[in-house]
Colleague: 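Shown below is the structure under consideration.
First listed ligand is number 1; within each ligand, the first listed atom is number 1.
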Amino acid sequence: MPEKQYLHQEIEEKWHARWEATPELYKTPENPAKKYYVLEMLPYPSGKLHMGHARNYSIGDALARFMRMRGYDVLHPMGWDAFGLPAENAALKSGRQPREWTLQNIAQMKKGLKRLGFSLDWDREIATCEPEYYRWNQWFFLKMYERGLAYRKQSLVNWCSLCATVLANEQVVDGCCWRHEDNPVEQRSLEQWFLKTTAYAEELLAGLDDLAEGWPERVLTMQRNWIGKSEGAEVDFAIDGSDEKIRIFTTRIDTIYGATCLILAPEHPLASKLVGASGQAALKAMVDDQSRKDPSNLNKEGFATEGFAINPFSGEKTPIWIGNFVLMGYGTGAIMAVPAHDERDFEFCGKYGIPIVPVVKAVQGETTLPFSEYGISVDSGEYSGLPTAEARAKMTLKAEAKITYRLKDWGVSRQRYWGTPIPMVHCKSCGVQPVKEEDLPVLLPLDVEITGAGESPLARLESFWKTTCPKCGGEGRRETDTMDTFVDSSWYFYRYCDPKNSNAPFDPKVIAQWFPIDQYIGGVEHAILHLIYSRFWTRVMKDLGLIENSEPAKKLFTQGMVLKDGAKMSKSLGNIVDPEELIVDFGADTCRLYVLFAAPPDRDMDWQQTGVEGQYRFLGRVYRFVTRNVERSQGTVGELSAADKKALRKLHQTIAKITQDFEQRWHFNTCIAALMELTNELYANEEGLTAAALPEILRSLILLMEPFTPFIAEEMWEDLGLTGPVFAHAWPAVNEAYLVEDEIEIPVQVNGKLRGKIVVPTGSSKEELEAAALADEKVSSFIAGKEVAKVIVLAGKLVNIVVKG
Ligand code: ANZ
Ligand code: ZN
Ligand code: ZN
């Protein structure tokens, strides 16, 4: 066969069509003997694939193909995180129904994923907006409700008085309604549904230790901080002249003699009573203040109430204040302020002239305020003179030891249309009642007018909300809020194992075959919410007896972002490189290769057009080399030539490197660089290569490329007269015999400074090394005229000549 030109369009369209005609190609084996579950996070069907998707899925696909070639039964599924606000916004803008819009986007993106050649089992595809899927969200919700893990409570929501409706956080702009720019958003207390993630706080925290090997350290740290375990004490302060008490949470009870006021969160249940008539307006303003939602750069503000509290340790009377930086959702919503020893209290009390009383002094040296370290207690009654750790332990005995978590219960109610209906019914006589399991799914109606108001359009659709009470059969009103879309993604990867089950979310036996996920791959932006919720869901399912595993994924990999000119590719910046256009110009293989080559997968990569062209040229070089050597590779087999040996050594070094990379660190960029080096070496020795080595060289080269560039691999495989698909063939094994070098290079030092290098046969003795080093021309110029005191030889590694004078 003469050399062929690399016509990417022709090659890729040919294989794309063949693969489309072979739907069983990537079918997951039933009853896996040696299972491997590789999963990339499912996309939101926004309309188009972007480079971030291409990168994420190129990483996962390289791994999936590699593991298949290593003999694993691979599960590599894909689906759609199909509920969410953008579909409603699109409906508002274009008048198209969310479902129709979503399904069309799915079709388009699926086409894109197929065109990129990802080895996905499309038989297992799920879209979370379909009743076959979301009915199980509802089923889980009922199970959680039975166990007290789903409950209703009053909570504050954003409210626009002009829209007369709830606003999502994204609909609040600079503290005002997005449609009423001058109307400040208020906080209203509404009944909302919550899932009790806090019931699992300790388990979720402890479970992180088991993930230490397989999850990135920074994700573990982010989760640890998010769960935010804090050990301290709760202390009751009696309100002066009243029977009521204010309970505070502190991690430094040892500083209680230095508490110069109490500060309540503005939402604290006693706040309104304590501020009196004159303080009501200020209190409301503080509750409504949107800037409090980001406490990191909050100006600390507050005002005094009319009340005083009695310090239970010192018996002193301290004023009670309201402060904007005290959070109602943490601890008890009230603190004792110890300005001498806490930075925030120091700032607050300094600003308002509240006394600052030091009660801890440094063990050594000066005590500069605020002093937040441990030290020696002073002016602290009977505890004075004790090390503060000891004082803390003793004082805690007099109060109530308390562990607090920053993690909150998960508010899942959304006043939106495009989500899973919450399967509950409100009845005047029976209160809130769960829908009966056999009546699931509660279908999301499709004939809905989307208005964009914060209230769910379902609330205006009588045909939806009008129902009967599951308990008494009387008149009932369905819950019209829908679930947060994070519910959908909390367990989707279980459904992939048994996607068509209509009797249960899945068959536990099938889950046991595939779980945990061996490798989960996705963006670090999901390090907290998605990965906490899905860990929570997993633990709940385990307690329901549905699964055996405690964690969803053994290993997690977080890929970096795709940047262009230093900024994240985004529509608003207009710096998007569209994968579809790239495929037309250069092909899917080049696209896949480039996103893997441009940076290690865990780092951000900066898009460079010249880099893309470089990968394209590389593929052309490989293609020409293989095609023009097909015939020679079929010639008469004789002895291995010197060129054969050299090429085989390079080949096996490359196999060793890429294999190790897949197993350990995934530096696919250097794998691809190694393939380029191999190709260069093959070109350099091309004439000397013979049929004794060429078949192995060509075959292995294709196998090594398969995880990265499946189209060209398949085409070259066919050119060699072999039967595909390539991924069904074994990954090449390293032949150690080829790796042994005949000669090695050894650095030579003179008085510890590198002065030259010698090339000697492997296994040379110390004497031979010494002789070769002294005879080396470059080295001898450094020792000329000097006395050689001694020669230190580290066999196989280094020669150091020590000279005097
Ligand atoms: C008195 C004190 C003295 C405190 C001192 C610290 C240092 P972590 O470690 O994050 O749990 N706190 C308690 N509840 C709060 C709330 N709802 N909003 C804002 N701050 C709150 O922090 C616990 C500390 O944060 C508690 O200990 C309390 O201040 C404050 F020298 O009590 B400390
Ligand atoms: Zn409004
Ligand atoms: Zn009833």
Colleague: Out of all atoms in ligand 1, which are within 4.0 Å of some heavy atom of Arg406? Include the element for each.
Modeller: 8 (P), 10 (O), 11 (O)

Colleague: What protein heavy atom is closest to atom 3 (C) of ligand 1, reported as residue, atom name and distance in Å?
Modeller: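 Checked against all protein heavy atoms, atom 3 (C) of ligand 1 sits closest to Thr255 OG1, 3.4 Å.
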
Colleague: Return a yes/no value for Tyr330: is any of its N or O atoms, backbone included, closer than 3.5 angstrom to an N or O of ligand 1?
Modeller: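 Yes, since at least one N or O of Tyr330 sits under 3.5 Å from an N or O of ligand 1.
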
Colleague: What protein heavy atom sits nearest atom 24 (C) of ligand 1, and how far away is it?
Modeller: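 The closest heavy atom on the protein side is Thr251 OG1, 3.8 Å.
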
Colleague: Can the positive tip of Arg292 be found less than 6.0 Å from the middle of the six-membered ring of Phe325, inside 45° of the ring normal?
Modeller: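 No; the conditions do not both hold, so Arg292 does not lie above the ring face of Phe325.
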
Colleague: Tell me whether Glu203 is salt-bridged to Arg535, with the criterion being a basic N under 4.0 Å from an acidic carboxylate O.
Modeller: no

Colleague: Can you confirm whether something in the protein, heavy atoms only, sits under 4.0 Å from atom 11 (O) of ligand 1?
Modeller: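 Yes, at least one protein heavy atom sits under 4.0 Å from atom 11 (O) of ligand 1.
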
Colleague: Can you report which non-hydrogen protein atom sits closest to atom 7 (C) of ligand 1, along with the distance?
Modeller: Asp342 OD2, 3.4 Å

Colleague: Return the closest protein heavy atom for atom 33 (B) of ligand 1 as residue, atom name and distance.
Modeller: Thr250 OG1, 3.5 Å

Colleague: Return the option from Phe346, Tyr405, Phe249, Phe325 holding the heavy atom at the smallest distance from atom 13 (C) of ligand 1.
Modeller: Phe249

Colleague: So, using salt bridge (Lys or Arg N to Asp or Glu O under 4.0 Å) as the criterion, who are the partners of Glu244 when residues are at least two apart?
Modeller: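 Expected list: Lys273.
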
Colleague: Give the residue and atom name of whichever protein heavy atom lies nearest to atom 21 (C) of ligand 1, and the separation in Å to one decimal.
Modeller: Ile335 CG2, 3.3 Å

Colleague: Can we say Arg478 and Glu462 salt-bridge, meaning some charged N sits less than 4.0 Å from an Asp/Glu carboxylate O?
Modeller: no

Colleague: Using a strict cut-off of 4.0 Å, indicate which atoms of ligand 1 neighbour a heavy atom of Val326.
Modeller: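 Those of ligand 1 that fall under 4.0 Å from Val326 are 16 (C), 17 (N), 18 (N), 19 (C).
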
Colleague: Output, by chain and residue number, all protein N/O/S atoms separated from the Zn ion (ligand 2) by less than 2.8 Å.
Modeller: Cys160 SG, Cys163 SG, Cys177 SG, His180 ND1

Colleague: Just need the protein heavy atom nearest to atom 30 (C) of ligand 1, so name the residue and atom and give the distance.
Modeller: Arg344 NH2, 3.5 Å

Colleague: Quick one: do Glu347 and Lys351 make a salt bridge, cutoff under 4.0 Å?
Modeller: no

Colleague: Going by heavy atoms, is Gly331 under 4.0 Å from ligand 1?
Modeller: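 No, Gly331 has no heavy atoms under 4.0 Å from ligand 1.
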
Colleague: Given side chains that start at C-beta, do those of Phe371 and Lys361 come closer than 4.5 Å, heavy atoms only?
Modeller: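 Answer no - side chains too far apart.
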
Colleague: Could you tell me whether Arg247 and Glu400 have a side-chain N and a carboxylate O separated by less than 4.0 Å?
Modeller: yes

Colleague: Can you tell me which residue among Phe194, Tyr533, Phe141 is in a ring pair (Phe, Tyr, Trp, His ring centres under 6.0 Å) with Trp410?
Modeller: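 The ring pair (Phe, Tyr, Trp, His ring centres under 6.0 Å) with Trp410 is passed solely by Tyr533 among Phe194, Tyr533, Phe141.
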
Colleague: Glu234 versus Thr332: any side-chain heavy-atom pair under 4.5 Å?
Modeller: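 They are in contact (side-chain heavy atoms under 4.5 Å apart), so the answer is yes.
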
Colleague: Hey, what's the angle at the Zn ion (ligand 3) spanning SG (Cys430) and SG (Cys472), nearest 10 degrees?
Modeller: 110°

Colleague: Can you pull out the closest protein heavy atom to atom 31 (F) of ligand 1? Residue, atom name and distance to 0.1 Å, please.
Modeller: His341 O, 2.9 Å

Colleague: Could you check whether Lys317 makes a cation-pi contact with Phe308, meaning its NZ or CZ is under 6.0 Å from the centre of the six-membered ring and within 45° of the ring axis?
Modeller: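 Yes, a cation-pi geometry.
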
Colleague: Which residue, Asp484, Asp481, Thr482, Thr420, forms the side-chain hydrogen bond (donor to acceptor under 3.5 Å, both in side chains) with Arg414?
Modeller: Asp484

Colleague: Looking at Phe313, I'd like to know if the NZ or CZ of Lys398 sits under 6.0 Å from its six-membered ring centre while staying within 45 degrees of the ring's axis.
Modeller: yes

Colleague: Are Glu231 and Arg392 close enough for a salt bridge, meaning some N to O gap below 4.0 Å?
Modeller: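 Salt bridge flag = no for Arg392 with Glu231.
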
Colleague: What residue and atom, counting heavy atoms only, is the protein's closest point to atom 9 (O) of ligand 1, and at what distance?
Modeller: Ser230 OG, 3.2 Å

